[in-house]
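Scroll down for the structure; my scribbles are underneath it.
Remember, it's 1-based here, ligands and their atoms both numbered in the order they're listed.
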Amino acid sequence: MGNIKKVVALILISAMLMVGCSSAPANVSSNESPADTTASSEETFVIRAGIGLNDQHPQYKGLEVMKEYVERESNGRIEMQLFHSSQLGDDIQMMESLQLGSQEITAPSSAPVSSIDKRFMIFDLPFLFPTEEIASDLLDGELGQELLDGLAEHGLIGLAYWENGYRHLTNNVREVRTPADMEGLKIRTMENQVHLDFFRALGANPTPMPFGELFTAMQQGVVDGQENPVPTIYLQNYPEVQKYTSLTGHVYSPFVLLMSKIFWDGLPADLQEIVQEGAIVARDEERRINREYTAELVGGLREKGMTVSELTMDELKLFQDATKPTIEKFKDEIGAEYVEKVLEEIEKLTEASK
Ligand code: KDG
């Protein structure tokens with residue numbers, strides 16, 4: 001390599017390293033060792049949090065609560081920057097950015113997290129959680145924590161479970177009240193084997209795709225429908241491109257609030273504590289807002305011209321029966337022992353709630 005080329009290469013490498021420094025753990029003013037509680041109080045950190053949903057969604061409101069909490073409690077040593085509507089990429093890309101240390105927080109539904117740890121497929125088993133409260137109790141307990149802890153070996157810190165909620169079907173072709181009505185419908189699903197399997201079992205034609213591509217896919221007729229909780233259907237303006245909602249509630253989706261382990265390891269212990277607390281404070285508020293919106297916005301969908309079908313117990317049972325084989329099919333892949341423990345715990349929580 002000639003001298004001039006060498007100099008240019010060196011300049012480029014230094015520039016890349018400088019960019020890397022300002023984006024990676026955003027540790028701008030010191031080289032102190034990870035989790036060093038004596039780190040200078042001048043040291044500041046930037047957390048970039050990115051999600052797929054828009055800034056009207058309870059998930060974004062949760063991030064605003066967390067931002068307020070961590071910035072206040074850290075006396076400004078942490079700054080949180082929020083990005084919505086897949087501005088930083090889709091769920092799978094953002095999880096990869098966390099693993100590389102080039103983004104600090106994301107919060108996908110649990111479904112795409114199963115591309116990292118298959119055990120996360122458990123939450124996508126159809127008709128698993130009888131109520132939101134039972135889901136929260138299980139997720140916030142030991143069995144939920146076990147999965148969050150397991151993420152560390154994949155470069156991720158699982159901070160908490162927030163709520164996306166019960167997923168319902170929308171489409172633009174016909175009213176769906178039974179699996180027979182789903183025959184041949186092209187339905188966008190999340191990128192997850194369990195979802196693909198049970199939508200096939202229902203007679204639909206499932207098409208996995210990232211969330212950020214969904215609205216345009218519906219608008220252009222690439223898919224006939226999709227499934228998401230009521231706040232998402234309403235707040236992402238799906239009534240503009242979808243005529244029918246069926247309140248199937250086939251899956252309860254948690255969000256998994258994730259942080260980059262590279263970034264976490266570079267945070268002093270006192271700030272780690274503040275981030276963890278902020279995640280929990282915001283979780284409770286996010287769930288509260290989500291439940292409030294869910295109750296209010298069913299009417300909102302009707303006001304926006306959608307036909308919203310509430311299914312009878314008999315109709316719902318047809319969906320449950322058609323999707324039951326999915327549980328057996330994925331039991332071993334998820335881990336039979338873990339599945340059993342979760343099913344037992346849900347039964348216990350259900351009994352206790354009576
Ligand atoms: O911000 C979360 C979204 O990116 C996504 O996970 C929402 O449930 C979702 C979906 O249908 O992809």
(request) Please name the residue in the list D124, T326, T189 that meets the side-chain hydrogen bond (donor to acceptor under 3.5 Å, both in side chains) test with H195. (result) D124

(request) Pick one of side chain, backbone, both or neither for how L214 approaches ligand 1, counting any non-hydrogen atom pair under 4.0 Å. (result) neither

(message) I'd like to check which ligand 1 atoms, numbered from 1 as shown, lie under 4.0 Å from a non-hydrogen atom of M190.
(response) 8 (O), 9 (C), 10 (C), 11 (O), 12 (O)

(message) Within the 4.5 Å heavy-atom criterion, are E132 and Y166 side-chain neighbours or not?
(response) yes

(request) Please check if any side-chain donor atom of N228 sits under 3.5 Å from a side-chain acceptor atom of Q226, or the reverse. (result) yes

(message) When you measure from the heavy atoms of R167 to every atom of ligand 1, does any distance fall below 4.0 Å?
(response) yes

(message) Ignoring hydrogens and geometry beyond distance, is a side-chain donor-acceptor pair present between H57 and T232 at under 3.5 Å?
(response) yes

(message) Suppose I only count heavy atoms of L53 and a 4.0 Å limit; which atoms of ligand 1 are within that range?
(response) 1 (O), 2 (C)

(request) Of the side chain and backbone of H57, name the one, both, or neither that has a heavy atom under 4.0 Å from an atom of ligand 1. (result) neither

(request) Check the angle between the aromatic planes of F129 and Y252 and answer parallel, tilted or perpendicular using the 30° and 60° thresholds. (result) perpendicular

(request) Please state whether R188 comes within less than 4.0 angstrom of ligand 1, counting heavy atoms only. (result) yes

(message) Looking only at distances, can you tell me whether any N or O atom of Q59, backbone or side chain, sits closer than 3.5 Å to an N or O atom of ligand 1?
(response) yes

(message) Tell me whether G52 has any N or O atom under 3.5 angstrom from an N or O of ligand 1.
(response) yes

(message) How about NZ on K61, more than 12 heavy atoms from neighbouring residues, nucleotides or ligands closer than 6.0 Å, or not?
(response) yes

(message) How far is atom 7 (C) of ligand 1 from the closest protein heavy atom, and which atom is that?
(response) S109 OG, 3.8 Å

(request) State if A107 counts as touching ligand 1 under the rule of any non-hydrogen atom under 4.0 Å. (result) yes

(message) Show me which atoms of ligand 1 lie under 4.0 Å from any heavy atom of N164.
(response) 8 (O), 9 (C)

(request) For N228, counting its heavy atoms only, list the atoms of ligand 1 lying under 4.0 Å from any of them. (result) 8 (O), 9 (C), 11 (O)

(request) Verify, without hydrogens or angle tests, whether Q99 (side chain) and L156 (backbone) share a donor-acceptor contact under 3.5 angstrom. (result) no

(request) Answer whether the closest heavy-atom distance between the side chains of R188 and P208 falls below 4.5 Å. (result) no

(request) Could you tell me whether the side chains of E163 and N290 share a donor-acceptor contact shorter than 3.5 Å? (result) yes

(request) Report the member of I51, I92, V251, D91 with the shortest heavy-atom distance to atom 6 (O) of ligand 1. (result) D91

